[in-house]
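Just so we're on the same page: letters track the sequence lines, and every chain starts at 1.
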Amino acid sequence: MRPQRLLDIATEKCTLGCPILDDLLGGGVPCGSVTEFAGESGVGKTQLCLQLALCAMLPPSRGGLSAASLYIHSEFPFPLPRLRHLSFHFPSPFPSPLDHVLVRGVHTADELLAILDRLGDLLSRPPSGVPVKLIVIDSIAALFRSDFDNNSVDLKRRSSLFFMIAGKLKEHAARFGPAVVVTNQAVDVVATEDQSSRLRVGNYASLRTSGRDVCPALGLSWANCVNTRLFLSRSEQRPPKAVDLGDSTSEGTYTGKVRRIQVVFAPHLPESSCEYVILRKGILGLCQ
Amino acid sequence: MEISNLPISPSHRGKLLSAGYSTLASLSSISPKQLAEGPSTGASLLSHTAARTAWDMLTDEQTTRHITTFSGELDAILGGGIHCNEITEVGGAPGIGKTQLGIQLAVNVQIPVEYGGVGGKAIYIDTEGSFMVERAHQIAEACIRNTLDRSILHRKDLHGIEAKMQPNNFLSNIFYFRVCSCTEQIAVINYLDKFLEEHENVKIVVVDSITFHFRQDFEDFAHRTRLLSGISLKLMRLAKRFGLAVVLLNQVTTKFIDGSFQLTLALGDSWSHACTNRVVLYWNGNERRAHVDKSPSLPPASAAFCVASEGIRDALPHYKRPRMA
């Protein structure tokens with residue numbers, strides 16, 4: 001048993017495909033730890049994950065990991081047409097890029113645990129010879145919304161499952177070095193008179209999306225399981241005037257609702273946020 | 001005085017009597033080792049170190065150095081900083097700054113003695129993967145800058161020491177262990193004895209976090225409690241034997257007390273006795289605060305601090321005095 005030399009460890013990051021978003025994350029999604037994207041439906045979590053899977057194939061010189069990705073989804077169907085469309089906008093050095101996104105659907109938490117048990121084999125002996133350096137679980141919340149009642153026995157069981165899943169994910173992240181991304185849903189927060197009893201987790205006393213107060217699902221236990229939490233939200237109104245996307249895109253101006261990504265907590269990032277939009281060609285951060 | 005009248009346990013009394021000692025006088029000329037070698041008296045009876053006087057202990061305590069956190073208020077409620085020879089548990093919700101504090105301490109322990117520090121090395125046991133080298137580099141850089149700026153002595157004889165204060169040197173003095181399971185965690189802690197014998201001058205062991213691997217499915221909670229108390233005993237022994245500080249970072253959970261859910265540190269009631277000092281980090285509005293929850297020598301008090309790009313620092317800007325709880 002020997003300590004690792006810190007000077008030899010350099011955390012690799014995977015680009016998100018946009019320099020502004022990469023800047024927010026200090027270079028991209030870090031390898032070796034678990035990053036969570038939490039937000040309500042439709043805010044762009046899946047889009048971001050698909051984009052990330054394509055960017056992982058890029059060479060390191062362009063911010064990628066030159067690697068394949070494993071995409072575990074719990075909401076059906078898997079958005080294959082969208083992935084195919086995006087792959088035209090993120091050209092990959094590999095001849096058939098979709099071959100390097102390994103997709104697997106799961107329905108229950110136990111199924112996920114079973115896959116994670118066997119993940120070591122996949123990571124040490126990848127099928128196509130290209131190493132798998134990105135693992136996406138989209139979404140973790142869907143696996144836990146129905147099987148558990150609200151009594152203390154079930155909640156305890158649910159909590160142990162969180163730690164088992166997170167433990168396995170982090171073990172693989174530490175041994176084989178992939179980036180692990182997990183998406184989570186947002187639940188409404190009930191306003192009570194006793195505001196002090198609401199536990200604040202991270203940099204923001206309250207998180208809002210579409211005009212509602214929300215917080216990431218799965219509670220305090222799951223919050224203890226992730227290393228980095230990013231909150232994605234949508235504004236309540238469309239912007240008063242169309243957002244000018246600049247010359248970099250052919251889409252000119254944008255009239256949809258603007259979205260925001262905030263750093264709720266991260267060991268290496270300060271409190272910060274930036275706006276982004278979802279376009280046909282992918283997710284694009286907006287300059288302030 | 002007769003041996004049979006001495007206030008010792010019956011088994012020990014029996015062993016002394018059967019070995020032929022019947023009065024205190026007959027014992028006075030025998031050395032502990034000789035007595036231990038006698039046929040039936042266990043070595044454990046007398047080979048234990050003699051009791052120390054409280055005066056000796058007080059002098060020791062006053063000369064023990066503390067490891068600064070770089071937040072003056074936080075140092076104040078901790079009695080000068082994190083104490084060596086003790087276990088300090090620091091708990092709080094995700095994002096409050098536990099890992100930040102852990103990294104700050106692993107860096108601050110290295111401040112040379114000439115600049116008022118402890119001049120030691122650090123062991124960082126990472127159980128969750130929250131340690132980011134780039135962040136440690138950032139904190140080390142700011143620590144060095146702060147230390148050199150604050151010091152009004154720029155003596156020539158300190159040049160050599162100043163030259164050695166580089167962020168990369170600081171990083172290489174942090175012995176980093178990444179553990180991925182409960183068994184690995186126990187194994188590393190068992191291994192520390194040997195490691196500390198081979199590597200001198202380690203003055204702090206940070207475990208980030210002590211909790212993570214123990215919140216999985218433990219069928220038998222008694223087993224978990226036994227494992228945890230084994231760990232804390234081991235760490236306490238290491239702290240005393242090598243004179244180092246042990247800092248254990250803990251998570252929070254909710255517990256149903258008095259009809260409502262309250263926040264407590266994880267790992268249960270039996271664990272709460274294991275550490276010498278307990279500090280809880282929490283939010284008060286938009287301000288981060290630390291509260292000394294349990295300590296044999298410190299009064300309960302709270303202080304504000306902040307997490308800046310340089311690391312842990314005093315909360316800005318309005319001056320708040322540490323509050324007694």
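- Between chain B and the residues A:Ala173, A:Gly32, A:Ala174, the largest count of heavy-atom pairs under 4.5 Å involves A:Ala174.
- Contact check for B:Cys180 versus A:Lys170: no side-chain heavy atoms found under the 4.5 Å cut-off.
- Here CD of B:Glu134 is found 7.5 Å from CG of A:Leu269. Values are rounded to the nearest 0.5 Å.
- Here the CZ atom belonging to B:Phe175 is positioned 12.5 Å from the CZ atom belonging to A:Arg2, to the nearest 0.5 angstrom.
- Under the 4.5 Å side-chain criterion, counting only non-hydrogen atoms from C-beta, A:Asn224 is in contact with B:Arg215.
- When heavy atoms are compared at a cutoff of 4.5 Å, B:Ser130 approaches chain A by way of both its backbone and its side chain.
- Taking all atoms of both residues into account, the shortest heavy-atom contact from B:Val133 to A:Thr11 is N-OG1, 4.5 Å.
- Minimum heavy-atom separation, A:Gly167 to B:Gln216: CA-NE2, 4.0 Å.
- Contact count versus chain B (heavy atoms, under 4.5 Å) is highest, among A:Tyr204, A:Phe265, A:Phe163, for A:Phe163.
- Under a cut-off of 6.0 angstrom, the local environment of CD in B:Glu197 is crowded, with over 12 non-hydrogen atoms contributed by other residues, nucleotides or ligands.
- Heavy-atom distances place both the backbone and the side chain of A:Ala166 under 4.5 Å from chain B.
- Once rounded to the nearest 0.5 Å, the distance linking NE2 of B:His213 with CE of A:Met164 reads 14.0 Å.
- Counting heavy-atom pairs under 4.5 Å between each of A:Ser159, A:Pro30, A:Pro3, A:Gly219 and chain B puts A:Pro3 at the top.
- Once rounded to the nearest 0.5 Å, the distance linking CD of B:Glu128 with SG of A:Cys225 reads 8.0 Å.
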Q: Test side-chain contact (heavy atoms from CB on, under 4.5 Å) on A:Ile9 and B:Tyr176 and set out the steps.
A: CA-CA 10 Å; A:Ile9 306 178; B:Tyr176 175 78; 4.1 Å; yes
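- Contact check for A:Arg229 versus B:Pro94: no side-chain heavy atoms found under the 4.5 Å cut-off.
- Contact annotation for B:Ala308: neither backbone nor side-chain heavy atoms come within less than 4.5 Å of a heavy atom of chain A.
- Contact record, B:Ile174 with A:Leu6: CB-CD1, 3.8 Å, taken as the closest heavy-atom pair.
- For B:Val179, no part sits under 4.5 Å from any heavy atom of chain A, backbone or side chain.
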(Q) salt bridge (charged side-chain N to carboxylate O under 4.0 Å, His left out), that's the test. Do A:Arg175 and B:Glu184 meet it? Break it down for me. (A) CA-CA 13 Å; A:Arg175 280 203 218 296; B:Glu184 272 183 52; 3.3 Å; yes
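- The two residues B:Val252 and A:Leu220 have their closest heavy-atom pair at O-CD2, 3.7 Å.
- Shown here for B:Trp283 and A:Gly202, the closest heavy-atom pair between the two residues is CZ2-O, 3.2 Å.
- Closest non-hydrogen pair, B:Arg135 versus A:Pro267, comes out as CG-O, 3.4 Å.
- No part of B:Gln138 comes within reach of chain A, as not one of its non-hydrogen atoms sits under 4.5 angstrom from that chain.
- You'll find the side chain of A:Arg200 reaches within 4.5 Å of the side chain of B:Asn286, heavy atoms only.
- In this structure, no portion of B:Tyr124 lies under 4.5 Å from any heavy atom of chain A.
- Here A:Ala223 is the residue among A:Ala223, A:Ala10, A:Ser33, A:Ala266 with the most heavy-atom pairs under 4.5 Å with chain B.
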